[in-house]
Number of protein chains: 2
Amino acid sequence: MLMTEKLDKVDLQILRTLQENARLTTKELAAQVSLSSTPVFERLKRLEREGYIKKYIAVLDADKLNQGFVVFCNVKLRRMNKDIAMEFTRIIQNIPEVTECYNISGSYDYLLKIHAPNMKYYQEFIINVLGTIDSLGSLESMFVMDEVKHDYGLHI
Amino acid sequence: MLMTEKLDKVDLQILRTLQENARLTTKELAAQVSLSSTPVFERLKRLEREGYIKKYIAVLDADKLNQGFVVFCNVKLRRMNKDIAMEFTRIIQNIPEVTECYNISGSYDYLLKIHAPNMKYYQEFIINVLGTIDSLGSLESMFVMDEVKHDYGLHI
DNA sequence: TGTGAAAAGCATTAGGC
DNA sequence: GCCTAATGCTTTTCACA
């Protein structure tokens, strides 16, 4: 990774604003930072090119789309070694219900975030999908009762 | 919440596509679903209006923005009752390092996701910020060593 | 619902400070 | 770096199938 120049206040303001609303026009962004469209357009392209902006996404309503049953799942592997870990992470990539997976420190090896339509679906998912992964040792489900806070965006 | 009509295949395809790239033009979206711009534009407005699309965001690179030290933190309250829970969640809303907070089932009451620049910052954050919350009982940090998977988008 | 055409507005480039 | 001005697209509206 090449070292890139430091971001100035305007760059940071652009990033902050886009974290909140990625569909603003260049013109609207420009108004926010008190510049004309041209420099904002160029800065934006630079920020994309240099990887500060990874992608633009639409955040959907999980409840309305029948994916509102959310579970964090702690996973311990059968044994933590390279082959078993690689097998596990490879399989996880192809399970769409698992939307996030982190290798973490502590009593467990991985933390998964799982989206399902409901408890029944989740129970069957555990039995028929996660439970069949050979590299998996043990598993602990933490059901999300309430999403208290979800900032899409960093504190920059 | 009013009951809205069911989504058809085209609506779902639009949502799926926007989860991947929220900056596609109406025209590009239209090409994907083999329609002209007009109906796609109208469907999009409807999906926004009815709340299927909550917002559009730019996903930034946390490492490049000095927020790449990520920790999941299990929190147990001093006592789990309404007042204490409300106080805790109110405070959490105003801590920018805490990007996510879930009320969960299990041995702990809350699961937090925290972004920090580095371990030293995090340690001071625990002592000076989280540790000073009166409603907090105990705390367990799980450090993210690797983000194995992060799908921005639901399986729809 | 859909199409296609037209008006209004934006993104993008060029030329200059 | 920035600006303004010009261009070619896109979005958005409208008339109509």
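Small disclaimer: the values here were computed from a predicted structure and weren't measured. Below, chains carry the letters A, B, ... as their sequence lines are ordered, and counting in each starts from 1.
In the set C:dA11, C:dT12, C:dG2, the nucleotide with an atom closest to the side chain of A:Phe41 is C:dT12. Of the candidate nucleotides D:dC2, D:dT11, C:dG2, D:dT11 has the atom nearest to the side chain of B:Thr25. Nearest nucleotide to the side chain of B:Lys45, out of D:dT12, C:dT3, D:dC3: D:dT12. Ranking D:dT10, C:dC10, D:dC2 by closeness to the B:Lys27 side chain, first place goes to D:dT10.
Between the P atom of C:dT12 and the CZ atom of A:Arg46 lies a distance of 17 Å, rounded to the nearest Å. For A:Leu29 and D:dC2, the CG to P distance is 14 Å, given to the nearest whole Å. Atom-to-atom, CG of B:Leu24 to C1' of D:dT11 comes out at 15 Å; the value is rounded to the nearest Å. The interatomic distance linking B:Lys9 (NZ) with C:dT1 (P) rounds to 17 Å, in whole Å. Atom-to-atom, CG of B:Leu44 to P of D:dT10 comes out at 16 Å; the value is rounded to the nearest Å. Atom CG in B:Asp11 sits about 8 Å away from atom P in C:dT1, given to the nearest Å. Going from atom CG of B:Asp8 over to atom P of C:dT1 covers 7 Å, rounded to whole Å. Whole-Å rounding puts the B:Arg23 CZ to C:dC10 C1' distance at 12 Å.
The one candidate from A:Lys45, A:Arg43, A:Lys6 that meets the salt bridge (charged side-chain N to carboxylate O under 4.0 Å, His left out) condition with A:Asp11 is A:Arg43.
Distances shorter than 4.0 Å separate some side-chain N or O of A:Ser36 from OP1 or OP2 on D:dC3.
If you look at B:Tyr152 and A:Tyr152, their ring centroids are not closer than 6.0 Å.
Relative to the ring axis of A:Tyr108, A:Lys76 does not place its NZ or CZ within 45° and under 6.0 Å from the centre.
Separation of atoms CG (B:Leu136) and OH (B:Tyr110) is listed at 11.0 Å; rounding is to 0.5 Å.
Within 4.0 Å (heavy atoms only), A:Arg43 reaches sugar-phosphate atoms of the nucleic acid but no base atom.
Closest of all the heavy-atom pairs between B:Ala30 and B:Val40 is CA-CG2, 3.6 Å.
Judged by distance alone with a 3.5 Å cut-off, no donor-acceptor contact links the side chain of B:Thr38 to the base of D:dT12.
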